[in-house]
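What follows is one structure encoded as structure tokens, with my remarks underneath.
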Amino acid sequence: MATLTVPTTVPSVSEDCEQLRKAFSGWGTNEGLIIDILGHRNAEQRNLIRKTYAETYGEDLLKALDKELSNDFERLVLLWALDPVERDALLANEATKRWTSSNQVLMEIACTRSANQLLHARQAYHARYKKSLEEDVAHHTTGDFHKLLLPLVSSYRYEGEEVNMTLAKTEAKLLHEKISNKAYSDDDVIRVLATRSKAQINATLNHYKNEYGNDINKDLKADPKDEFLALLRSTVKCLVYPEKYFEKVLRLAINRRGTDEGALTRVVCTRAEVDLKIIADEYQRRNSVPLTRAIVKDTHGDYEKLLLVLAGHVEN
């Protein structure tokens with residue numbers, strides 16, 4: 001369930017563009033107007049605004065925003081204004097240029113998008129960077145991370161609900177054997193996680209728990225400091241319980257000393273039109289605090305205002 005709220009009656013696109021132009025005119029920028037417009041438009045509407053703005057004023061809206069805004073608010077607005085597949089391409093490209101913590105972002109995009117969304121993100125990557133996501137992931141990752149991430153970003157999973165229970169039992173046994181032998185990066189472990197449908201993986205992992213007594217992620221906690229095992233656990237969580245994965249990302253982003261604005265911005269931006277309501281419910285269940293209250297406590301200014309709008313917060 002999405003948290004984005006779009007008015008029942010939306011002004012015309014040309015009116016939205018005119019108002020945005022006004023927000024940039026004169027002394028200072030009217031950030032409130034930018035939030036009121038872009039914070040209440042869906043992806044299709046935002047794309048149309050960008051197209052019409054460029055046609056009307058001969059300037060890319062993103063460049064206009066970039067000139068007028070700064071800091072975390074600028075990052076949030078620019079990411080939000082992008083088409084979701086363009087945004088994924090940008091986030092993935094940034095992730096290929098950073099150290100190991102960014103492996104999680106690549107895995108997150110690969111495992112929480114539909115097969116078509118991931119395919120379109122790869123196509124957007126081609127168009128934007130004149131090379132493929134796969135070649136950048138191959139070039140910038142090594143060892144077990146390379147072995148896991150390359151097939152994940154290259155996958156095109158079946159999305160039906162059909163499940164082969166015989167296969168689920170066989171692969172649960174296979175996973176248990178490999179994990180018991182600490183062969184965490186074995187080809188078969190990666191093949192199952194990178195190619196099977198989410199419904200099939202769910203059936204396999206349910207059988208794993210019923211047959212062997214533990215959640216697979218408990219058995220993957222052999223060494224809490226092992227970064228590859230942490231990524232493997234996150235992969236499982238993303239495929240089976242994405243709301244629990246994103247709740248944890250938000251909890252770590254908000255509850256540490258000093259907020260991780262990068263993670264907070266990414267999750268709110270990428271999930272507001274998808275399932276942020278479910279994630280927020282999970283956050284409240286896990287932390288006994290509404291997500292919006294946690295955002296208020298940890299952020300400020302226009303950045304806070306837009307986060308709250310995207311998270312569906314309604315002023316009383």
> How many angstroms lie between OG1 in T270 and CG in L79, if you round to the nearest 0.5 Å?
Replying inline: 9.0 Å
>> Distance check, rounded to the nearest 0.5 Å: C17 atom SG versus E55 atom CD?
In response: 9.0 Å
> By salt bridge (Lys or Arg N to Asp or Glu O under 4.0 Å), which residues pair with R21, not counting sequence neighbours?
Replying inline: E59
> How long is the span from the CG atom in N47 to the CG atom in L82, to the nearest 0.5 Å?
Replying inline: 9.0 Å
> Got a donor-acceptor contact below 3.5 angstrom from the E135 side chain to the S132 backbone?
Replying inline: yes
> For the residue pair S102 and A95, what are the closest heavy atoms and their distance?
Replying inline: OG-O, 2.7 Å
> Got a donor-acceptor contact below 3.5 angstrom from the H313 side chain to the L308 backbone?
Replying inline: no
> So, D60 side chain and L62 main chain: donor-acceptor pair closer than 3.5 Å or not?
Replying inline: yes
> Charged N to carboxylate O under 4.0 angstrom, K97 versus D136?
Replying inline: no
> Nearest heavy-atom pair of L38 and W80: which atoms, and what distance?
Replying inline: O-NE1, 2.7 Å
> Looking only at atom types and distance, does a side-chain atom of D260 sit under 3.5 Å from a main-chain N or O of A263, one as donor and one as acceptor?
Replying inline: yes
> For the residue pair T170 and T166, what are the closest heavy atoms and their distance?
Replying inline: OG1-O, 2.9 Å
>> Check this for me, if you would: do E247 and R251 make a salt bridge, where the nitrogen-to-carboxylate-oxygen distance has to be below 4.0 angstrom?
In response: yes
> Is there side-chain contact between K221 and K218, with at least one heavy-atom pair below 4.5 Å?
Replying inline: no
> Does N71 CG have over 12 foreign heavy atoms under 6.0 Å away?
Replying inline: no
>> Looking at E31 and K305, is there a salt bridge between them, counting it only when a charged N and a carboxylate O are closer than 4.0 Å?
In response: no
>> Has K244 got a side-chain atom pairing as donor or acceptor with E282's backbone, closer than 3.5 angstrom?
In response: no
> In terms of ring plane angle, is the pair Y208 and Y212 parallel, tilted or perpendicular, where the classes change at 30° and 60°?
Replying inline: perpendicular
> Okay, side chain of R157, backbone of R196: is any donor-acceptor separation there less than 3.5 Å?
Replying inline: yes
> Which heavy atom of L118 sits nearest a heavy atom of R113, and at what distance?
Replying inline: N-CB, 4.1 Å
>> I'd like to know if E261 and R75 make a salt bridge, using a cut-off of under 4.0 Å between side-chain N and carboxylate O.
In response: no
> Under the 3.5 angstrom rule, does the side chain of R122 hit a backbone N or O of V153 as a donor-acceptor pair?
Replying inline: yes
>> Just so I know, are the side chains of V163 and N202 near enough to count as touching, which here means a heavy-atom distance under 4.5 Å?
In response: no
> With the 4.5 Å side-chain cut-off for hydrophobic clustering, are L167 and V236 part of the same group?
Replying inline: no
> In this structure, which one of D187, D219, D186 forms a salt bridge (charged side-chain N to carboxylate O under 4.0 Å, His left out) with K178?
Replying inline: D186
>> In the structure I gave you, are the side-chain heavy atoms of L149 and L231 within less than 4.5 Å of one another anywhere?
In response: yes
> To the nearest 0.5 Å, how far apart are NE2 in H207 and CG in N210?
Replying inline: 7.5 Å
> Same hydrophobic cluster for L48 and V85, using side-chain heavy-atom links shorter than 4.5 Å among ILVMFWY?
Replying inline: no
> In terms of side-chain geometry, is the basic nitrogen of K173 or E211 positioned less than 4.0 Å from the acidic oxygen of its partner?
Replying inline: no
>> Looking at R191 and E171, is there a salt bridge between them, counting it only when a charged N and a carboxylate O are closer than 4.0 Å?
In response: yes
> Is there side-chain contact between N116 and Y156, with heavy atoms separated by less than 4.5 Å?
Replying inline: yes
> Is there a chain of hydrophobic side chains (I, L, V, M, F, W, Y, each step under 4.5 Å between heavy atoms) that links L119 to I109?
Replying inline: no
> For L150 and T141, what are the C-alpha separation, side-chain angles and deciding distance, and is it a side-chain contact (heavy atoms from CB on, under 4.5 Å)?
Replying inline: CA-CA 9 Å; L150 190 54; T141 57; 5.8 Å; no
>> Using the rule given for side-chain contact (heavy atoms from CB on, under 4.5 Å), can you reason through Y245 versus M107, listing the C-alpha separation, both sets of side-chain angles and the distance that settles it, and then say yes or no?
In response: CA-CA 12 Å; Y245 165 80; M107 177 282 302; 4.0 Å; yes
>> Surrounding NE2 of H126 (heavy atoms of other residues, nucleotides or ligands, distance under 6.0 Å), is the total greater than 12?
In response: yes
>> Return the CG to NE2 distance between D144 and H146, rounded to the nearest 0.5 Å.
In response: 11.0 Å
> Do K277 and D281 meet the salt-bridge criterion of a basic N to acidic O distance under 4.0 Å?
Replying inline: yes
> Do Y303 and V296 belong together in a cluster built from hydrophobic side chains that touch within less than 4.5 Å?
Replying inline: yes
> Considering only heavy atoms from C-beta outward, does the side chain of S180 approach that of H176 to under 4.5 Å?
Replying inline: yes
> Looking at side-chain heavy atoms only, is the closest gap between F246 and I278 below 4.5 Å?
Replying inline: no
> Can you name the closest pair of heavy atoms from I190 and S185 and give their distance?
Replying inline: CD1-O, 3.6 Å
> Hey, does I37 have a side-chain heavy atom less than 4.5 Å from the side chain of I49?
Replying inline: yes
>> Using a 3.5 Å distance criterion without hydrogens, assess whether the side chain of Q200 forms a donor-acceptor pair with backbone atoms of N164.
In response: yes
> Are the side chain of R128 and the backbone N or O of E86 linked by a donor-acceptor pair below 3.5 Å?
Replying inline: no
> Once the angle between the rings of F24 and Y53 is folded into 0 to 90°, is it parallel (under 30°), tilted (30 to 60°) or perpendicular (over 60°)?
Replying inline: perpendicular
>> Under the criterion side-chain contact (heavy atoms from CB on, under 4.5 Å), I'd like the reasoning laid out for L310 against T3: C-alpha separation, chi angles, the key distance, then a yes or no.
In response: CA-CA 6 Å; L310 297 181; T3 49; 5.6 Å; no
>> Rounded at 0.5 Å granularity, tell me how far CG in L220 sits from CG in D215.
In response: 10.0 Å
> So, do L91 and E108 sit near enough that their side-chain heavy atoms are less than 4.5 Å apart?
Replying inline: no
> Are the side chain of K182 and the backbone of I179 linked by a donor-acceptor contact shorter than 3.5 Å?
Replying inline: no
> Going only through I, L, V, M, F, W and Y residues with side-chain contacts under 4.5 Å, is there a path from L78 to Y129?
Replying inline: yes
>> If you count every heavy atom of other residues, nucleotides or ligands that lies below 6.0 Å from F228 atom CZ, does the total exceed 12?
In response: yes
> Shortest non-hydrogen contact from R50 to D83?
Replying inline: NH1-N, 3.9 Å
>> Run R266 and V249 through side-chain contact (heavy atoms from CB on, under 4.5 Å) and show every step you take.
In response: CA-CA 10 Å; R266 185 181 80 248; V249 174; 3.8 Å; yes
>> Could you check whether E273 pairs with R46 (Lys NZ or Arg NE/NH1/NH2 to Asp/Glu carboxylate O, under 4.0 Å)?
In response: yes
